[in-house]
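So the structure is just underneath, and the comments pick up after that.
Residue numbers begin at 1 in each chain, while the letters A, B, ... track the order of the sequences.
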Amino acid sequence: MPSTLTLQTPPNFCLARAVCSYGYFALAPNQWQYTGPKRCGTFHRPLKTTDNQTIHTIITQPVPRKLLVKTAQSLPRSQHTHIKSQINRMLRLDESFTQYHRLAKTAARDKFARLLRSPTLFEDIIKTMTSCNVAWSGTIRMNQRLCEHFGADNDFPTPAELAKATIPQLKNKCKVGYRAQRILKFARDVHSGKLDLTQFQNPKTPTDQLHDALIKIHGIGPYAAANILQHLGRYDRLPIDSETIRHFKTVHNTTGSITQITRAAQKHYAAYHPNQFLAYWHELWSAYEKKSGPTYKKSTLIL
DNA sequence: GGTAGACCTGGACGC
DNA sequence: GCGTCCAGGTCTACC
């Protein structure tokens, strides 16, 4: 028998905005369905219980300040807190963006800041690895196949599930290419306890220290590290990639070498410290929506 | 410290 | 349909 959970949201929280302001909403096993202007949309996402059972959930926002979570399977009351904490992480319900919104009035108006992330840091890091050096369509495909072939009940694979894979399996079934070795090493290091991901989630650790630790993971470079830092709630680094360069060339008419454009970008967002990433992402996302229409009205993201 | 080339895949393009 | 080229971020070897 299905269960229903409720969560209180911060003021001005908008589920559609929170889910559809970061590309991960289009990556498996996440699924967003636009249901029209009245109820806006539903977010489908399998989550794990403490004993590693997969629970399929459907999240809606029927009224302001309240989220409704319906589970496909019966969920014991003892599991409610665990499921809620994963939703809390995904939608960043605990974070305050008052300081950023004070400076960024348009972002405040757009209810923009709570960028979707995964229930676990492990999934965020693998998703980041699959977004490097590949077209967005490739990232979508890799995540779809990782869930299909290695995740229980089409959920995203856990470190244990992925650690059992082999490099040829990852290459042939998931088409992750040369990333296979990096993904597998990361999964096995996490599974064996050699790499403790909880160390990255200590709010007292300085961002520089976190960045240095992330860079030490095989397959994580400057772009990926900055991207993972924002998943950790650190917004003072810019993940400079080809998209950033393109954005600055076309929107800001910036010219010069990549190093010069990178410096121009850092200078441009410096006023938003320590939330430079949010300012950058809001600008990028707004430019995309201006061109392609509101993202929350779509079920996927075409770049 | 800076730089070139390799790593893989899929899409675009020409034939 | 086939072959070629290109884009994408990180790593490694080399200067």
Side-chain angles (χ1 to χ4, degrees), chain A residues 22-24 26-28 115 117-118 121-150 157 162 165-190 194-195 197 200 207-208 210-232 234-235 237-251 254-266 276-277 280-281 284-285 287-288 291-292 300-303:
Chain A
Y22 196 69
Y24 283 11
L27 298 183
L115 311 181
R117 53 185 174 177
S118 307
L121 179 59
F122 175 76
E123 184 180 328
D124 278 335
I125 293 179
I126 297 278
K127 278 186 157 56
T128 301
M129 284 180 170
T130 63
S131 72
C132 289
N133 201 31
V134 68
W136 181 244
S137 58
T139 305
I140 293 177
R141 205 163 22 242
M142 285 183 227
N143 280 276
Q144 184 68 44
R145 291 176 176 177
L146 282 169
C147 295
E148 270 174 27
H149 295 290
F150 295 102
L162 217 41
T166 64
I167 289 176
Q169 280 176 337
L170 285 171
K171 282 187 178 181
N172 298 332
K173 291 183 175 177
C174 307
K175 300 290 176 191
V176 298
Y178 66 90
R179 298 166 197 82
Q181 196 180 5
R182 301 170 182 185
I183 289 172
L184 195 56
K185 177 171 173 20
F186 174 65
R188 287 180 177 169
D189 283 352
V190 173
K194 188 177 171 187
L195 182 63
L197 292 185
F200 294 103
T207 304
D208 283 347
L210 277 179
H211 181 267
D212 292 348
L214 286 167
I215 289 284
K216 284 182 185 154
I217 298 174
H218 186 68
I220 302 297
Y223 162 78
N227 195 54
I228 295 164
L229 281 171
Q230 71 88 2
H231 290 308
L232 291 164
R234 313 295 180 106
Y235 306 108
R237 298 292 178 104
L238 295 176
I240 305 284
D241 64 356
S242 55
E243 190 60 33
T244 322
I245 304 300
R246 201 163 24 241
H247 177 73
F248 265 76
K249 281 182 177 173
T250 55
V251 176
T254 311
T255 55
S257 66
I258 291 174
T259 312
Q260 288 169 321
I261 296 175
T262 300
R263 286 204 191 105
Q266 282 161 345
Q276 294 97 311
F277 175 85
Y280 160 65
W281 198 254
L284 203 67
W285 204 257
Y288 171 75
K291 192 176 72 178
S292 309
T300 190
L301 182 66
I302 309 293
L303 295 178

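Within the nucleic acid shown, A224(A) comes within 4.0 Å of sugar-phosphate atoms alone, with no base atom in reach, counting heavy atoms only. Residue contacts shown for I217(A) are limited to sugar-phosphate atoms, with no base heavy atom under 4.0 Å away. At the heavy-atom level, G219(A) lies under 4.0 Å from the strands shown only through sugar-phosphate atoms.
In this structure Y22(A) satisfies the side chain to side chain donor-acceptor pair (under 3.5 Å) test together with N227(A), Q230(A), sequence neighbours excluded. Looking at residues two or more places apart in sequence or on another chain, you find no salt bridge (charged side-chain N to carboxylate O under 4.0 Å, His left out) involving E148(A). The side chain to side chain contact (heavy atoms under 4.5 Å, CB included) test applied to A225(A) returns H211(A), L214(A), I215(A), I220(A), not counting sequence neighbours. Under the salt bridge (charged side-chain N to carboxylate O under 4.0 Å, His left out) criterion, D241(A) pairs with no residue at all, not counting sequence neighbours. Listed by chain and number, the residues in a side chain to side chain contact (heavy atoms under 4.5 Å, CB included) with T166(A) are P168(A), Q169(A) (sequence neighbours excluded). In this view, Y280(A) and T244(A) satisfy the side chain to side chain donor-acceptor pair (under 3.5 Å) rule, not counting sequence neighbours. Scanning for side chain to side chain donor-acceptor pair (under 3.5 Å) contacts around T207(A) gives R234(A), with sequence neighbours left out.
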Polar-atom pairs under 3.5 Å, protein N or O versus N or O of nucleotides 3-7 of chain B: list them with distances, or write none.
none

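Using a 4.0 Å cut-off between charged side-chain N and carboxylate O, K216(A) and D212(A) make no salt bridge.
As rounded to whole Å, 17 Å separates atom P of dC8(B) from atom CZ of R145(A). The interatomic distance linking N172(A) (CG) with dG10(B) (C1') rounds to 16 Å, in whole Å.
Checking S137(A) against R179(A), the closest nucleotide of DNA chain B that is more toward the 5' end is the one next to R179(A). The residue among I220(A) and V134(A) whose nearest nucleotide of DNA chain C lies closer to the 5′ end is V134(A).
The stretch residues 173-183 of chain A participates, sequence neighbours left out, in no salt bridge (Lys or Arg N to Asp or Glu O under 4.0 Å) pair at all. Sorted by first and then second residue, the pairs that involve residues 123-147 of chain A and meet salt bridge (Lys or Arg N to Asp or Glu O under 4.0 Å), not counting sequence neighbours, are R45(A)-E123(A), R89(A)-D124(A), E123(A)-K127(A).
Five base pairs at each end of the helix from dG1(B)-dC15(C) to dC15(B)-dG1(C) define two local axes, and these are offset by 40° (rounded to 10°).
Think of the region where chain A sits on DNA chain C: with heavy atoms and a 4.0 Å cut, that region ends 5' and 3' at dG8(C) to dT12(C).
The closest donor-acceptor contact from the side chain of T130(A) to the backbone of T139(A) lies at 3.5 Å or more, if one exists at all.
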